[in-house]
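Just so it is clear, the model here is predicted, and its values are computed rather than measured. To find a chain, count down the sequence lines: A is the first, B the second, and so on, and within it residues start at 1.
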Amino acid sequence: MKKQTRTTFSRRGFIRTSALAGGGMLIGFNFLTACKDEVKPPVDIANLNFNDFNAYIKIADNGYVTIFSPNPEIGQGVKTSMPMIVAEELDVPWKHVHVEQAGLDTDKYRGQVAGGSQSIRQNWDVLRQTGATAKQMLVNAAAAKWQIDASEVSAKDGIITSKSGETLGYGDVVKEAAALEIPENVSLKEPKGFKIIGNDALNIDLHKIVTGKPLFGLDYKKDGMLIASVMRPPAFGQTLKDFDDTESRKITGVTDVFQFGDKIAVLAKNTWSAMKGKKALKANWEDNALESTEKHDELLLGLLNSSEGEVRREDGDVDKAFAEADQVIDRIYESPFLPHNCMEPMNFYADVTSEKVQLAGPIQTPEGTANRVANLLDRAPEEIEVELTRMGGGFGRRLYGDFALEAAEISSKAGKPVKLVYSREDDMNAGIFRPAIKYRISAALKDGKVTGYKLKEAAINSNMYGLIPNFFPAGAIPNLKIESANYKSNITTGAWRAPYTNFLAFAEQSFFDEVAEALNQDAVQLRLDLLNNVDEGADDRIQYSASRMKEVIKLAAEKGDWNNTSDGIYKGFSAYYSHNTHVAEVAEISIQNGMPKVERVTAAVDCGIVINPTGANNQVVGGVLDGIGHAMYGDFTFEAGKPSASNFDTYRLIRMNETPKVAVHFIDSEIAPTGLGEPGLPPAGGAVANAIKAATGKRLLKQPFTKYLAETESEVKG
Amino acid sequence: MPVYNLMVNGKSLSVEAESDTPLLWVLRDELNLVGTKFGCGIGQCGACTVHIDGTATRSCLLQISSLEEAKITTIEGLSEDGTHPVQVAWKEHDVPQCGYCQAGQIMTAASFLNSNAAPSQSEIRNAMSGNLCRCASYNRIEKAVADAAEKIA
Ligand code: FES
Ligand code: FES
């Protein structure tokens, strides 16, 4: 989520190669040395073997290639797209490539994190270099065999060819290649010559998924493993007073019950017994500070209307612009908390023994979590092993290793291997939610132009981070002020898909729609005009590119047929830059039985080079539908510290009969790629809200829309 | 603990379990058939869908003691190596994102197409709306079901 500077490579320790005992060659990367000055001595290269070197590429002597994908897979598709980049530069047919998930290994990989849509963006150069370097070594080996100069040798699709027409397969020269010097300054392909990148590659785990093979954390099993179920305080602000486990211990299969912190762990031989054992516990809780949404609303509105807060960016003279305005628009937008609700509930395996700590499961931040576990158990980081499983969704929830720490603590206390399993209720109520946020946005309008802009955020705990104030409209409006204020709550909050902007984009894009209306301007034209004000490159704090933003706006308007109307269909527009990707969306709705129904969404996306079109499309469509679903239905409030919903009977997620068709158009680009797991989501809510306004005349100022529409029903005219 | 004789994916098996154990946990914990997923435990998400005598059923709400006469089919037994037309369509459309909900989606679709071989789009949308997909791969599921219907026809 943080903007990073470009990686510079240290040649030393950059790549390791080795001939494999059973034939073939292994090429590894040390990402750590790619970003740190200090180079650790490499593992003993002479004795290197596949098992202790979890590297990027293994080439067998039959030419088959195994690529290890280092980044956690949460459904965003990197287990497919990252190896595609390596295979492209290595120049092997994709069908000869086999992909495996690598475990946590800080010696070999840098940034094994799934978050902020950064996996592809930050590894693009390194992945290309790895593939290209391996290819060059194979070429050099063949040249040596033929006793000609490497410049007379070329390679493609796994075949090496000499000028005179002799050929060798990659597999024929791997042994020799592995012993060669590592070449420097290898050349990379021109994007025009890409054969794998830009073509559809099916999800690498597709067959396993559709046939039900074990893949996920919840599927993970080890002999002798117990299942742990944990009872936590039912409300935030409560602590454990005492408990009675008599009934719980009577349940067949329950092996142990104990307290840790303010929680109670029930261990059992199987999941059902553990869950039953937990239900049978009788616990008494001590009430401390119990908070409610009603109180939060009051506090956050109070912050918005006070002078309290931190100025995050200030341009020009905002007070003057507002004092001289012909018209001022001033609005408040409000959102609830949101739980992540990954389809696979939180779970983690831990086996804490005196020699080592083995962890396995779904986690977006394996390295940070391993360090926290080391800290918690007072162990050396080297004693912690983390195996990554496929994840049944992440959405930010699995950035927080709280569940892995719980599993480690329970295993340590029990002296047994344990898999901690959350029920859906545990998952929805244990904590870490998208914070409830409110925005106050105002604009000064003068002579048909936006002359001033003020935005203030009030969030539970924290939301806005350093770069957000430099997103649109910074740079486009001369007098601008961005502020934020927080209320510290005991309800835990954190990143939720497209963190920081998932609600901000809705608020701003709804607001600009209203500005356009006030200025009697077309909503698309207003955005283009504002972007025309941006002097690109003049302010290097600015995060978005005005020209790339204009292109996606034009493409979405064209493909979404913005300028034409059809009977009973109302359109709304929205455009937003987040996670380094520019996206614009047109939503089309109809009114059915007095309620809005989203019929179609057209999205235009600039993420630079599209690595895997089918995967990319899947991400954007999913992001748009997710954005619509939560804007329409996502409702999560607190009363006396207790969440309002705990399972899918009381918490509404979008279902198939409520989904529009989503069409995605990518800008044709040769610019280095950026991520797609998140950027499709933020604009969706605003596009739908603006379409609802077009249909009903009603401005939506609060999410979820369904609740807000019901509350204000008398005012709605369909 | 009581012992139950079950017919799972064409094989008769006997399993020791408490009588109130849901089929879901018997499959996952005792029979090592982990393709059937846990999502909510209260019949709201469809991740745990299996076929009981050919009909899509939520295994999280089905007590093992009621199943001795039943023919149980799980995702692992839907076809030999993923060749059921619904699985084939799922692959052709590259449906999954995280993939967690998909076994349940496929089992629901397979049973639905058994009872309605030529469904309309709105019939598909309604039939599939009991299965949640948090990644919202709904557009592709919808297309894959329509395609599978054609494959079966
Ligand atoms: S787990 Fe059975 S319906 Fe959700
Ligand atoms: S693919 Fe992730 S829940 Fe459906």
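Here the side chain of A:N647 pairs a donor or acceptor atom with the backbone of B:C40 at under 3.5 angstrom. In this structure a side-chain-to-backbone donor-acceptor pair under 3.5 Å is missing from B:S111 to B:M107.
Using a 4.5 Å cut-off between heavy atoms, B:L132 contacts chain A through both its backbone and its side chain. No part of A:K208 comes within reach of chain B, as not one of its non-hydrogen atoms sits under 4.5 angstrom from that chain. Proximity to chain B is limited to the backbone of A:Y422, based on heavy atoms less than 4.5 angstrom apart. Heavy atoms of A:A663 lying under 4.5 Å from chain B are absent altogether. Only the backbone of A:E658 comes within contact range of chain B, with at least one heavy atom under 4.5 Å from a heavy atom of that chain. Contact annotation for B:E18: only side-chain heavy atoms (C-beta onward) come within less than 4.5 Å of a heavy atom of chain A. When heavy atoms are compared at a cutoff of 4.5 Å, A:K269 does not approach chain B at all. No part of B:E80 comes within reach of chain A, as not one of its non-hydrogen atoms sits under 4.5 angstrom from that chain. With a 4.5 Å cut-off on non-hydrogen atoms, B:E76 touches chain A through its backbone and its side chain both. Contact of A:M275 with chain B is made through the side chain alone, with heavy-atom distances under 4.5 Å. The contact between B:D20 and chain A is made by backbone and side chain atoms together, counting heavy-atom distances below 4.5 Å. Both the backbone and the side chain of A:N617 come within contact range of chain B, with heavy atoms under 4.5 Å apart.
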Evaluate side chain to side chain donor-acceptor pair (under 3.5 Å) for A:D649 paired with B:Q44, printing each intermediate quantity in order. CA-CA 6 Å; A:D649 53 345; B:Q44 291 286 326; 5.6 Å; no
Does the pair B:T74 and B:N9 meet the rule for a side chain to side chain donor-acceptor pair (under 3.5 Å), with working shown? CA-CA 7 Å; B:T74 70; B:N9 298 334; 2.9 Å; yes
Passes side chain to side chain contact (heavy atoms under 4.5 Å, CB included), A:Y633 versus A:I654? Steps please. CA-CA 7 Å; A:Y633 314 118; A:I654 194 166; 4.0 Å; yes
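Ring geometry for A:F403 versus A:F348: interplanar angle of 30 to 60°, hence tilted. Between A:Y651 and A:F636, the ring-plane angle classifies as perpendicular under the 30° and 60° cut-offs. Ring-plane geometry between A:H630 and A:W496 is classed as perpendicular, the angle between the planes exceeding 60 degrees on a 0 to 90 degree scale with a lower cut at 30.
A cation-pi geometry, defined here as NZ or CZ lying under 6.0 Å from the six-membered ring centre and within 45° of its normal, does not hold between B:R28 and B:F38.
When each of A:L625, A:T602, A:V621, A:V688 is tested with A:P660 by the rule side chain to side chain contact (heavy atoms under 4.5 Å, CB included), just one qualifies, namely A:L625.
Taking B:L33, B:V26, B:I124, B:V34 one by one and counting their heavy-atom pairs under 4.5 Å with chain A, the maximum is reached by B:V34. Per-residue heavy-atom pair counts under 4.5 Å with chain B were compared for A:V624, A:L653, A:L218, A:V662, and the maximum is reached by A:L218. Heavy-atom pairs under 4.5 Å with chain B peak, among A:V421, A:N270, A:L206, at A:L206. Ranked by heavy-atom pairs under 4.5 Å with chain A, the first of B:G39, B:G35, B:A17 is B:G39. Note on A:V210, A:L215, A:D200: by heavy-atom pairs under 4.5 Å with chain B, the leading option is A:V210.
Distance check, rounded to the nearest 0.5 Å: CD of B:Q102 to OG1 of B:T108 gives 11.0 Å.
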